[in-house]
Q: 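Below you'll find the structure I mean.
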Amino acid sequence: MADGDDFSAHDLAHIRFDPFRVEAQYEFPNRPQDRKPRRDDYHTHAQSLTQQLAAALGALPAAGNDTRLVIADQKRGSIVELETMVPTTDRQGATKTPALDYPTQDIVVLRSERLEDRTEKSVLFIPDDARDYLVARINAYGAENIGNRKRPDVPKFEPIEVIRAAGARTLFSGSIDFDAPESRWWELWVREPAEQKPGARTNALIAAAGAAGLDVHNERLSFPDAEVLFVHGAVAVLAGFLARVPGAVWEVRIAEGTIEPFLELDGVGVGQHDWVADLAGRLQAPPEDAPTVCIIDSGVAAGHPLIAPGIAGAWSVDAQWGTDDHHHHGGHGTPMAGMVLHGDLFWRMNDDQPVALTHHVESVKFLPPHGFPPNRPSAYGVVTQSAISTVEIERPNVSRSFCVASSTSLFAPDAPSSWSGALDQISAGSMAGEHDKDVAAKDHPKRLILVASGNVIGGQREEVEPHHTLEDPAQSWNALTIGGFTTKSELAENLTPLAAANDKSPFSTGSQNMLGDLTPIKPDVLFEAGNMMVDPTGYCDWHPAVSLLGTGSDIAGEPLVPFWATSAATGMAGNFVGRLKSALPNLWPETYRALVVQSAEWPTPIRKKLIGQGAHWKTGNKGEKQRLLRDVGFGVPNLSRAIASAQNDAILLAQAEIQPFAVGQGGSAVFNEMHFYELPWPRAALQALENSIVVMKVTLSYFVEPNLSGRASTRPDTYRSFGLRFELKKRLETDDEFRTRLSRPDELVAADENLNLAGEEVEKQTPEPSHWLLGPKAMQAGSLHCDLWRGYAVDLASHDHIAIYPVTGWWKSHIGQKRTTDKARYALTISITAEGQDVDLYSEIAAELAAYVAAQELGIEAAS
């Protein structure tokens, strides 16, 4: 790997503005001091230090026997432990670790610790190629005959008493039980200069930690010379990993994984209002034209110091309700708004950096306060659409997404409801008054809605742990349904976390109990939802120690509150989408939905249930895998990956319009249009990887107009206006054979009427092992289809064409509606990932695309 090259950094789409930096010279004033010598014989002391150093470092590992990892921007080296001399008198101050840093050699003191006898113990990193340099400096310090010259480096070496070999355990701060078998959260203080955040070293460590079986939290803290990563694993596993990356980490600390310190009310010490005031002082309001996430909930405390800088408006469906947050126990819309703006405030409170908000938040109260008649469940859809109309009238022409974190168990979610259908109408731009027969459906306003999957309530463990079905309206086809996972695993007195860290949150619901050929895979993705605690009797419920930290509606009394469950997860999703839209403006809502899913990855406990040995998925049929996905979705989205590609993780993106149907002979409706894509595949790189494992992920996203007829619960083709599918060219197929296979009218009819049985038929005619996680039979209901291909790189090189084709919907079957020739649109994202491989897939794809575009332009010029 080229020096400093980081193949896994998701930074290729970003524009750097480093040339605008202005630098000036600064000189530190020289203050000479007369020091009393602490050593009687510098030569003997130097000899002792060099002998100890040689013993501590040992011989360099043989070329084929070096277990240390190659980390970008990190030299290979060793760490040693230093101890300073004991003060000679009681009045003398502590003997501090000297400044032994030599930046040009990358020799650096990683951490130091004060001992009871007023000495200091520290850890020094010494690169392999700097050993001779350090020995030469020590020898120069201890030279016998220096004449009238000033003895060099006395402040550096005089205080050192002991140099000994050091293991990774010396990097841990505090009292650590290194025999403890349980996993927990740790803070890894990565040695990263301030010039570039997060930097190649941090990205490489994240990848290496994952390969070592450690989980790395998406959140991080930034300081001038460090990136703090939060890593989950057993102490023995972490120590083993750190032993292979000496010099990359300043220090390791037990992570404070609970929000409880921030919930203390004002009194002795730092209270809630102090934390809020500190963060409020670091906030920078978003630009006026920044995107907005609208909360449809119980109102908002708009004057909250952490919300006021980012709120763009607050309204109510009924003006008599007011706009304040009437929900009890700290509110609901207010912590939602805080989550949308900041994410989990736990991370903000542990930081000291300026916070530039990237997006606005809005609030529309659609739940009546006390004293007013409650909304009838049958009217939830109408009220939600009224809330959408309210905000769009008040602030038109805004790049806006919506969060709905309310749900009901009164209606079974295994079929479309009026509420879920209303959400589908909102997304597709087909609410009452929106459809214009002279305007194609593709041009109607499209909206991205994030909806909570619904919650499991506390109770006895045997009642909480089994799968629970999501709640209405989370079955919506077009909305992005948000489930929960959790990283919260702190212990509390007599209580233990119910879920393991990085596993599905106990609050989260799914669609395992719903029919796979009639209902979409839900939830789509997972965000942090907090954990439950279990007491000795087996009773489970929420607890502050394993909750998120949110903004409270009682600004004067309790401005910070715990927040949990899929409401919190939906707020976190809103924060993600707001940041994504700020980084990548002017894409379609369908595209943002695709990118959220495309970027998602399963945490380790879930991943282990899906990934098998070698290039294979876990054994078991595709139905069992779909059942698991109906509990955990497609994983936890990664913002860096959603925004940009990496050299070994390239994402291709297309937005297109399509006319699925046309009027045929005799006035009947027929299939009309399909799209083929010749993929700009990195063939050379894939062939060079040979039998290395790569993963291709395909996400197809579009919005359908719903039809709430009596057959909608059993006929997906009746509910949707149209449907789309994707098909990849087989490895042994020619381009012409691929096109011919998908262009046969009888096969398209079979794919439409018989749920892709034609695809099965063709596989029997052309046997080829399936490398898909789910396969085509998983794509029946829904308007978002995602699947993963996992296999050998050399095999993927031949799968270089993909097709998008229509399946039937009511635009085709309901000719009387006169929508047969209407036009739709879709977003398609495809990624190729060579995880952990030092390979540049991105550049070859970009070069092939550029060459293709140039050739097309040349052909147009020649024709003209």
Side-chain angles (χ1 to χ4, degrees), residues 210 215-219 230 232 336 339-340 343-344 403-405 407 448-456 465 467-471 474-476 479-489 497-512 520-532 546-548 563-577 579-580 592-611 625-642 697 699 773 782 784 786 788:
D215 287 316
V216 183
H217 199 287
N218 287 337
E219 298 283 357
F230 296 87
H232 189 267
M336 282 287 295
M339 290 285 160
V340 164
D344 185 354
C403 284
V404 177
S407 62
L448 177 59
I449 299 177
L450 313 174
V451 61
S453 67
N455 296 322
V456 178
E465 285 190 312
H467 175 82
H468 292 257
T469 301
L470 55 81
E471 296 181 331
Q475 72 271 35
S476 162
L480 190 65
T481 302
I482 309 301
F485 87 117
T486 186
T487 62
K488 309 285 185 179
S489 60
L498 176 58
N502 291 304
D503 213 337
K504 191 196 74 156
S505 170
F507 296 106
S508 189
T509 58
S511 57
Q512 280 190 5
I521 292 175
K522 296 286 182 174
D524 298 301
V525 289
L526 309 175
F527 282 86
E528 177 65 69
N531 207 340
M532 287 188 186
V546 287
S547 296
L548 291 78
F563 203 45
W564 64 92
T566 58
S567 292
T570 306
M572 294 291 286
N575 176 264
F576 185 101
V577 168
R579 294 162 69 186
L580 174 62
Y592 291 121
R593 181 173 68 151
L595 285 171
V596 173
V597 175
Q598 189 73 33
S599 73
E601 300 169 300
W602 294 293
T604 299
I606 299 171
R607 181 184 172 95
K608 287 180 178 178
K609 300 175 183 177
L610 293 167
I611 305 297
K625 295 181 177 65
Q626 183 185 146
R627 183 173 172 80
L628 175 59
L629 263 58
R630 285 177 169 271
D631 206 23
V632 299
F634 290 94
V636 180
N638 181 309
L639 185 62
S640 296
R641 191 166 187 254
K697 186 174 184 179
T699 304
L773 173 64
L784 185 141
C786 182
L788 291 87

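Everything numeric in this text was worked out from a predicted model, so none of it was measured.
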Q: At what distance, to the nearest 0.5 angstrom, does CG of Asp631 lie from CD1 of Ile606?
A: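 If we round to the nearest 0.5 Å, Asp631:CG and Ile606:CD1 are 8.0 Å apart.
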
Q: Looking only at heavy atoms, which two atoms of Gly530 and Pro506 are closest? And how far apart?
A: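 In this case the closest contact between Gly530 and Pro506 is O-CD, 4.1 Å.
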
Q: Lys697 versus Gln598: any side-chain heavy-atom pair under 4.5 Å?
A: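 Lys697 reaches Gln598 side chain to side chain.
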
Q: May I have the step-by-step check of side chain to side chain contact (heavy atoms under 4.5 Å, CB included) for Leu773 and Leu629, ending in yes or no?
A: CA-CA 10 Å; Leu773 173 64; Leu629 263 58; 4.1 Å; yes

Q: Can you tell me how far apart SG (Cys786) and CD1 (Ile521) are? Round to the nearest 0.5 Å.
A: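 Answer rounded to 0.5 Å: 8.5 Å.
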
Q: Should Leu595 and Leu580 be marked as a side chain to side chain contact (heavy atoms under 4.5 Å, CB included) after you check the CA-CA gap, both sets of side-chain angles, and the distance that decides it?
A: CA-CA 9 Å; Leu595 285 171; Leu580 174 62; 4.3 Å; yes

Q: Does any N or O in the side chain of Ser508 come within less than 3.5 Å of the main-chain N or O of Gly483, such that one atom is a donor and the other an acceptor?
A: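 A pair under 3.5 Å: no.
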
Q: Can you list the steps and then say if Thr509 with Ser453 is a side-chain hydrogen bond (donor to acceptor under 3.5 Å, both in side chains)?
A: CA-CA 6 Å; Thr509 58; Ser453 67; 3.2 Å; yes

Q: Just how far is it from atom CZ of Phe507 to atom OG of Ser547, taken to the nearest 0.5 Å?
A: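 Answer rounded to 0.5 Å: 6.5 Å.
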
Q: Is there a donor-acceptor contact under 3.5 Å linking the side chains of Thr604 and Asp215?
A: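 Note: Thr604 and Asp215 side chains meet the donor-acceptor criterion.
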
Q: Would the distance check show the side chain of Asn531 and the main-chain N or O of Lys488 forming a donor-acceptor pair, the cut-off being under 3.5 Å?
A: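 It does hold such a pair.
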
Q: Identify which one of Leu639, Val340, Leu450 satisfies the side-chain contact (heavy atoms from CB on, under 4.5 Å) criterion when paired with Val577.
A: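 Of all the options given, the one that passes is Leu450.
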
Q: If every non-hydrogen atom of Ala405 is compared with every non-hydrogen atom of Ala452, which pair is closest and at what distance?
A: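 Between these two residues, the closest heavy atoms are CA-CB, 3.9 Å.
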
Q: To the closest 0.5 Å, what do you measure between CE (Met572) and CZ (Phe485)?
A: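 It is 8.0 Å, given to the nearest 0.5 Å.
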
Q: Of all the heavy-atom pairs spanning Gly454 and Ser407, show the shortest one and how long it is.
A: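 Distance-wise, the nearest heavy atoms are CA-OG, 3.8 Å.
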
Q: Does any non-hydrogen side-chain atom of His232 lie less than 4.5 Å from one of Thr487?
A: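 Contact flag for Thr487/His232 side chains = no.
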
Q: Where do Met339 and Asn575 land on the side chain to side chain contact (heavy atoms under 4.5 Å, CB included) test, with the steps shown first?
A: CA-CA 7 Å; Met339 290 285 160; Asn575 176 264; over 6 Å; no

Q: Is there a side-chain contact between Trp564 and Met532 in this structure, where contact means two heavy atoms from C-beta onward sitting under 4.5 Å apart?
A: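 With C-beta onward as the side chain, the pair stays apart.
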
Q: Can you name the nearest heavy-atom pair linking Asn502 to Pro603, along with the distance?
A: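 Scanning both residues completely, I find the closest heavy atoms to be O-CB, 3.0 Å.
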
Q: Would you confirm whether Ser599, through its side chain, and Pro637, through its main-chain N or O, come within 3.5 Å as a donor-acceptor pair?
A: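 Side chain of Ser599 to backbone of Pro637: no pair is present.
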
Q: Just do the side chain to side chain contact (heavy atoms under 4.5 Å, CB included) check on Asn638 and Val636 with the steps written out, would you?
A: CA-CA 7 Å; Asn638 181 309; Val636 180; over 6 Å; no

Q: Within this structure, what is the OG-CG distance for the pair Ser489 and Leu498, rounded to the nearest 0.5 Å?
A: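 Spacing of OG (Ser489) from CG (Leu498) equals 12.5 Å.
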
Q: Using side-chain heavy atoms (C-beta onward) and a distance below 4.5 Å, is Val451 in contact with Thr570?
A: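 Counting from C-beta outward, Val451 and Thr570 never come under 4.5 Å.
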
Q: Counting C-beta onward and ignoring hydrogens, is there a side-chain heavy-atom pair between Ile482 and Thr566 closer than 4.5 Å?
A: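 Side chain of Ile482 against side chain of Thr566, heavy atoms only: no contact under 4.5 Å found.
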
Q: Short question: side chain of Lys504, backbone of Leu526 - any donor-acceptor pair under 3.5 Å?
A: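 No, because the side chain of Lys504 does not come within donor-acceptor range (under 3.5 Å) of the backbone of Leu526.
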
Q: Is there a donor-acceptor pair closer than 3.5 Å between any side-chain N or O of Gln626 and the backbone N or O of Leu628?
A: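 No, the answer is negative, given that no donor and acceptor are paired below the 3.5 Å cut-off.
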
Q: Taking side-chain contact (heavy atoms from CB on, under 4.5 Å) as the criterion, tell me which of Arg627, Lys522, His467 meets it with Ser511.
A: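 Going through the options one by one, the only one that passes is Lys522.
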
Q: What closest approach, in Å, do Ala600 and Val525 show between heavy atoms, and which atom pair accounts for it?
A: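 Closest pair (atom of Ala600, atom of Val525, distance): CB-CG1, 4.0 Å.
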
Q: Would you check if the side chain of Arg630 reaches a backbone N or O of Lys625 as a donor-acceptor pair within less than 3.5 Å?
A: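 No, Arg630 side chain to Lys625 backbone: no donor-acceptor pair under 3.5 Å.
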
Q: For the residue pair Phe527 and Phe576, categorise the inter-ring angle as parallel (less than 30°), tilted (30 to 60°) or perpendicular (more than 60°).
A: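 Aromatic pair Phe527/Phe576 classed perpendicular.
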
Q: Verify, without hydrogens or angle tests, whether Thr481 (side chain) and Ala474 (backbone) share a donor-acceptor contact under 3.5 angstrom.
A: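 Judged by distance alone, yes, a pair lies under 3.5 Å.
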
Q: What pair of heavy atoms forms the shortest contact from Gly574 to Cys403, and how long is it?
A: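 Of all heavy-atom pairs spanning Gly574 and Cys403, the closest is CA-SG, 3.9 Å.
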
